[in-house]
K.L.:
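The structure's right below; bear with me while I get my questions together.
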Amino acid sequence: MNWITAFMLTQVIEITVGTLFWRDPEVSQKKKILTIFVASLITHPMVWFVFSDIRRDGGFSYNEYMLMAESYAYGVEAWYYYILKVKRPILLSVIANTCSFVTGLIIYSFIL
């Protein structure tokens with residue numbers, strides 16, 4: 001799968017799941033969508049490009065790479081939501097990222 005396809009799939013999953021979970025009537029749907037989109041925009045290129053270089057250059061296994069990259073995504077997105085005063089930022093990050101991560105694993109298992 002190429003990066004743009006993976007990025008778009010991540011956005012669809014994380015925005016859908018994130019907006020379903022994020023039930024704050026004081027925040028517009030448009031703001032929720034934009035906030036979740038930007039969270040993935042911040043982390044996805046780093047996970048896809050930078051962490052894959054770290055894996056290659058550092059000789060890390062696939063599992064080590066996934067642990068580092070996904071920990072980064074979960075943490076940075078939770079921090080981003082916290083800074084924006086999103087209610088339950090860690091849970092939003094965990095739910096959105098876990099759904100996209102598991103979907104990616106399922107797709108990856110069918111490709112290989």
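Quantities reported herein were computed from a predicted structural model and do not represent experimental measurements.
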K.L.:
Dump the intermediate steps for side chain to side chain contact (heavy atoms under 4.5 Å, CB included) on Tyr108 and Met1, then the final yes or no.
P.N.:
CA-CA 8 Å; Tyr108 186 73; Met1 179 181 314; over 6 Å; no
K.L.:
Suppose the criterion is ring pair (Phe, Tyr, Trp, His ring centres under 6.0 Å): which pairs have a residue in residues 7-36, not counting sequence neighbours?
P.N.:
Trp3-Phe7, Phe7-His44
K.L.:
Do you reckon Val12 sits in the same ILVMFWY cluster as Leu92, going by side-chain contacts under 4.5 Å, direct or chained?
P.N.:
no
K.L.:
Please answer: with hydrophobic residues joined when any side-chain heavy atoms are less than 4.5 Å apart, are Phe51 and Leu105 in the same cluster?
P.N.:
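Per the 4.5 Å side-chain linkage, Phe51 and Leu105 are co-clustered.
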K.L.:
Counting only heavy atoms from other residues, nucleotides and ligands, does the tally under 6.0 Å from OH of Tyr82 exceed 12?
P.N.:
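Atom OH in Tyr82 is not crowded, with 12 or fewer foreign heavy atoms closer than 6.0 Å.
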K.L.:
At their closest point, which heavy atom of Ser52 faces which heavy atom of Tyr65, and how far apart are they?
P.N.:
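Shortest heavy-atom contact: N-CE1, 3.6 Å.
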K.L.:
Using modelled atom types and a 3.5 Å cut-off, is there a donor and acceptor pairing between side-chain atoms of Thr19 and backbone atoms of Thr16?
P.N.:
yes
K.L.:
Start with the C-alpha gap between Glu77 and Ile42, add the side-chain angles, then the distance that decides, and say whether side chain to side chain contact (heavy atoms under 4.5 Å, CB included) holds.
P.N.:
CA-CA 8 Å; Glu77 291 183 26; Ile42 293 167; over 6 Å; no
K.L.:
Report the distance from atom CD1 of Ile54 to atom CD of Glu64, rounding to the nearest 0.5 Å.
P.N.:
12.5 Å
K.L.:
Which heavy atom of Val47 sits nearest to which heavy atom of Ala73, and what is that distance?
P.N.:
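Val47 and Ala73 have their closest heavy atoms at CG2-CB, 4.1 Å.
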K.L.:
Please check if atom CZ in Arg23 has more than 12 non-hydrogen atoms from other residues, nucleotides or ligands closer than 6.0 Å.
P.N.:
no
K.L.:
In the single-linkage hydrophobic clustering (I, L, V, M, F, W, Y; side-chain heavy atoms under 4.5 Å), do Leu20 and Leu9 co-cluster?
P.N.:
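Different clusters.
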K.L.:
Looking at every non-hydrogen atom in both residues, tell me the closest pair between Ser40 and Thr10 and how far apart they are.
P.N.:
OG-CG2, 4.0 Å
K.L.:
Please determine whether residues Phe101 and Phe37 belong to a single hydrophobic cluster, defined as Ile, Leu, Val, Met, Phe, Trp and Tyr linked transitively by side-chain heavy-atom distances below 4.5 Å.
P.N.:
yes
K.L.:
Using the test side-chain contact (heavy atoms from CB on, under 4.5 Å), find all partners of Leu84 that sit at least two apart in sequence or belong to another chain.
P.N.:
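For Leu84 the side-chain contact (heavy atoms from CB on, under 4.5 Å) partners, ignoring immediate neighbours, are Thr35, Tyr80, Val86.
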K.L.:
Counting N and O atoms only, with roles assigned by atom type, does the side chain of Ser93 sit under 3.5 Å from a partner on the main chain of Ile90, one being a donor and the other an acceptor?
P.N.:
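Side chain of Ser93 to backbone of Ile90: no pair is present.
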K.L.:
Give the cluster check for Met8 versus Leu41: same hydrophobic cluster or not, with ILVMFWY residues linked at side-chain heavy-atom distances below 4.5 Å.
P.N.:
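Yes, one cluster joins them.
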K.L.:
Heavy atoms only: give me the nearest Ile36-Glu14 pair and the separation to one decimal.
P.N.:
CG2-O, 3.5 Å
K.L.:
Would you find a donor on one side and an acceptor on the other, under 3.5 Å apart, between the side chain of Ser71 and the backbone of Met68?
P.N.:
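No, because the side chain of Ser71 does not come within donor-acceptor range (under 3.5 Å) of the backbone of Met68.
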K.L.:
Just checking Trp79: does its CH2 atom have more than 12 heavy atoms from other residues, nucleotides or ligands closer to it than 6.0 angstrom?
P.N.:
no
K.L.:
Checking Gln29 against Ile33 for the side chain to side chain contact (heavy atoms under 4.5 Å, CB included) test, could you report, in this order, the C-alpha distance in whole Å, the side-chain angles of both residues, the deciding distance, and whether it holds?
P.N.:
CA-CA 6 Å; Gln29 192 74 352; Ile33 290 168; 4.1 Å; yes
K.L.:
So how far is it from Thr98 OG1 to Ile13 CD1, rounded to the nearest 0.5 Å?
P.N.:
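That separation rounds to 12.0 Å.
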